[in-house]
Structure formats: structure tokens, C-alpha cells
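For reference, the structure is listed below as C-alpha cells.
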Amino acid sequence: MRVLVITGAGVSAESGIPTFRGKDGYWRNLDPAKLATPEAFARDPELVWEWYRERRQRIRTAQPNAAHAAIAKLARHADEFLLVTQNVDDLHAGAGLPKEKMVQIHGDIFVTRCSRCSFSDAGRGGSPEPPTDRAVPVQRGRLRSIAATSENDVDLPRCPECDALMRPGVVWFGEQLPWTELQRVENHFDRGPCDVVIVAGTTATFGYIIDWALRASRDGGEFIEVNPEETQLSQFATRLVREPAGTALPCIIDTIVNS
Ligand code: OAD
């Protein structure tokens with residue numbers, strides 16, 4: 001059985017992580033142009049870092065939910081499996097899904113990378129948030145905070161290689177998707193159509209998400225959409241499940257695994 005699963009913020013909603021376009025979603029209250037673009041970072045890196053640090057803290061206190069666990073279970077049972085998630089949190093990995101079976105197409109919020117060179121500091125295991133006092137000891141390979149040059153120049157991590165500003169390892173609006181990850185998605189398609197496609201917790205706002213779901217289910221594969229609300233993909237699904245993912249996915253996946 002060849003499987004493709006695509007997830008969005010809705011799958012982490014039941015873990016207490018806000019979605020983007022839902023009722024209390026981030027983009028309802030915050031302006032993405034001020035927080036999630038390279039221009040915003042150039043204009044006000046403190047504000048951008050403050051927001052990503054708040055999100056990192058919220059994710060650190062969150063636990064994977066039943067939807068994440070069910071998807072990890074399906075990955076163990078399928079002959080060929082790939083999860084493409086738009087989520088930058090690490091809750092899929094936290095549920096035991098191996099990195100080699102997952103593509104984080106919008107990056108990983110716990111990665112910190114240089115805004116100029118290729119230096120990056122990997123994941124939650126990497127360097128913890130710099131303490132709020134500015135006297136962070138400079139250690140080779142660890143992010144260093146420059147001595148504050150201006151009052152609000154707080155805790156802007158700098159690259160130990162080239163001294164440029166470090167930024168969160170996520171994809172911002174107007175930026176290219178990571179080439180290597182795109183290749184991994186294409187490789188999954190090159191190995192043939194999927195028997196099962198599950199799309200859960202996304203408005204499918206981006207064209208590539210719609211394209212991947214349709215290409216994967218092109219040869220009559222079952223296409224299941226799990227979302228309490230209608231989306232741009234609903235018309236193409238062979239089965240619509242208008243329930244929260246944490247409720248629906250364990251049953252759906254148990255049925256698939258036991259069939
Ligand atoms: P959205 O906020 O656009 O959509 C969340 C979807 O999840 C909505 O369709 C909700 O109906 C649904 N939903 C909410 N709770 C759910 C639950 N418990 N179970 C199942 N579904 C639920 O989030 P995304 O589609 O992930 O990108 O947004 C895509 C991208 O836009 C994000 O990765 C981010 C954002 O801007 C970038 O910033 C590049």
C-alpha cells in the first residue's frame with residue numbers, strides 16, 4: 001500500500017497550537033506581512049524573533065495528539081509512506097514519525113539558520129533560547145548574542161561564521177520551497193500513484209498542496225479529506241470527514257491498517 005498524507009495547522013489545533021486562518025488563527029490577529037516575510041525580518045528582526053520565540057515556547061509545552069499518533073501508526077504499516085506537512089512544529093516527530101518518512105515543506109521552527117551563509121543550528125535539540133539577560137557567553141558553534149547595540153536590539157542571534165543575523169528555519173511568504181524537500185516529494189510520486197491519500201487540517205491555500213493531493217490520487221486512489229470545514233480540495237475527495245482530526249484519524253487509520 002502506497003500512502004501520501006498531507007497535513008496543516010488543523011492537525012496541531014487539538015494540541016493547543018493556533019491555526020492561521022481559523023477563528024482565533026494567527027493571521028486573524030496578526031499581519032503576516034509584518035512577521036512572516038524576509039522584508040519584515042529586515043525591517044524589524046526583534047519583532048519577528050519575539051513572535052517565533054513565543055511560538056517555540058508554546059510548541060515546547062504542547063504534546064502530540066491522537067491525530068499525530070494515528071499518522072505515525074499508518075507510517076509503520078504502509079509499504080511506502082510519505083507525510084508532507086506544512087507545520088513547522090515538531091509534533092509529528094514527537095509522535096514517533098521518523099524524519100525520513102516526513103517532509104516539513106515549510107521548514108522547522110526549532111532550526112535557526114543564518115540569513116546570509118549556509119550555517120544552521122539544528123532543531124529543538126540545538127541551542128536553547130538565549131536567556132533574557134544579554135550576557136550570553138560566546139561559545140564556538142553556539143549562537144551568540146551580540147552586546148546590545150541599541151535598547152531594543154535584544155537577543156538577536158548572530159551567525160558564528162559570518163556574523164549576519166540568524167533567522168528561524170522556516171519558509172516565509174515570497175520565498176522558495178526547500179529544493180531538497182521538493183525532490184523528496186517528487187521521488188515519492190515517481191515511484192507511482194498512491195492507494196490512499198489523506199489530507200487533514202489544511203485550507204489547502206497553496207497551489208502545490210492541491211497539485212500534490214491530485215497527482216497522488218490520480219489513478220483512482222482513495223482520497224480522504226479530514227476537516228470540519230469545506231476546503232478547496234473538498235470537491236476532489238472521494239471521502240469527506242467533517243470531524244476534528246484527533247477524533248477521526250484514529251478510526252480511519254485503524255480501518256485502513258486492519259483492511
Ligand atoms: P490554516 O489555518 O489555513 O487552515 C487550518 C485548517 O484546519 C482549516 O481548514 C480548519 O477548518 C482546519 N481545522 C481546524 N481545527 C481542526 C481539527 N481539529 N482537525 C482537522 N482540521 C481542523 O492552516 P494551513 O492550511 O496549515 O505557511 O496553512 C497553510 C500555511 O499558511 C501554513 O503552513 C503557513 C500559513 O501561512 C507559511 O507561513 C508559509
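Note that these values count all heavy atoms, side chains included, but never hydrogens, waters or copies made by symmetry. Positions are given from 1 along the sequence. First listed ligand is number 1; within each ligand, the first listed atom is number 1.
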Return the residue, atom name and 0.1 Å-rounded distance of the protein heavy atom closest to [atom].
atom                    : result
atom 36 (O) of ligand 1 : Trp27 NE1, 2.9 Å
atom 27 (O) of ligand 1 : His106 ND1, 3.5 Å
atom 9 (O) of ligand 1  : Asn227 ND2, 2.8 Å
atom 38 (O) of ligand 1 : Phe173 CE1, 3.9 Å
atom 13 (N) of ligand 1 : Gly10 CA, 3.6 Å
atom 23 (O) of ligand 1 : Ala9 CB, 3.5 Å
atom 19 (N) of ligand 1 : Ala245 N, 2.8 Å
atom 29 (C) of ligand 1 : Gln86 OE1, 3.3 Å

Quick check on contacts: which atoms of ligand 1 are under 4.0 angstrom from a heavy atom of [X]?
X      : result
Pro244 : 17 (C), 18 (N), 19 (N)
Gly8   : 26 (O)
Glu14  : 17 (C), 18 (N), 19 (N)
Thr202 : 6 (C), 7 (O), 9 (O), 24 (P), 25 (O)
Gly201 : 5 (C), 6 (C), 7 (O), 20 (C), 21 (N)
Val171 : 39 (C)

Which of parallel (below 30°), tilted (30 to 60°) and perpendicular (above 60°) describes [X] and [Y]?
X      : Y      : result
His92  : His68  : perpendicular
Phe206 : Phe173 : tilted
Trp172 : Phe41  : tilted

Is it true that Ser234 and Arg242 share a donor-acceptor pair across their side chains at a distance under 3.5 Å?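 On atom types as modelled, these side chains qualify, holding a pair under 3.5 Å.
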
Looking only at distances, please establish whether an N/O atom of ligand 1 is found under 3.5 Å from an N/O atom of [X].
X      : result
Val11  : no
Glu243 : no
Asn87  : no
Arg21  : yes

Location of contacts on Ala36 toward ligand 1, heavy atoms closer than 4.0 Å: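 For Ala36, there is no contact with ligand 1 at all, from either part.
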
Note to self: Test side-chain contact (heavy atoms from CB on, under 4.5 Å) on Leu74 and Met1; report intermediate values, then the result.
What the structure shows: CA-CA 10 Å; Leu74 182 57; Met1 178 177 49; 4.2 Å; yes

Of Val88, Thr203, Leu233, the one whose closest heavy atom lies nearest atom 8 (C) of ligand 1 is Thr203

Glu54 atom CD, over 12 foreign heavy atoms within 6.0 Å
yes

query: If you count the non-hydrogen atoms of other residues, nucleotides and ligands that lie under 6.0 Å from CD in Glu181, is the total more than 12?
result: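 It does: Glu181 CD has more than 12 such atoms within range.
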
### Message
Checking Glu80 now: which residues fulfil salt bridge (Lys or Arg N to Asp or Glu O under 4.0 Å) with it, not counting sequence neighbours?
### Response
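Result, salt bridge (Lys or Arg N to Asp or Glu O under 4.0 Å) vs Glu80: Arg2, Arg191.
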
Contacts of Gln235 meeting side chain to side chain donor-acceptor pair (under 3.5 Å) (sequence neighbours excluded), chain-then-number -> none

field: Any Pro228 heavy atom less than 4.0 Å to ligand 1
entry: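 Per 4.0 Å heavy-atom rule, Pro228 contacts ligand 1.
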
Check your understanding: Would you say Trp172 touches ligand 1, if touching means a heavy atom closer than 4.0 Å?
Key ->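 It does not; every heavy atom stays at 4.0 Å or beyond.
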
- request: Evaluate the side-chain proximity of Ile71 to Phe81: yes if any heavy-atom separation is below 4.5 Å, no if none is.
  value: yes

Using the rule that two of Ile, Leu, Val, Met, Phe, Trp, Tyr join whenever any of their side-chain heavy atoms come within less than 4.5 Å, decide whether Leu165 and Leu35 are in one cluster.
yes

Side chain of Gln63, backbone of Ala95: donor and acceptor closer than 3.5 Å? no

### Message
Determine whether Glu225 and Leu240 satisfy the following criterion, side-chain contact (heavy atoms from CB on, under 4.5 Å), listing intermediate values before the conclusion.
### Response
CA-CA 5 Å; Glu225 181 183 66; Leu240 293 173; 3.4 Å; yes

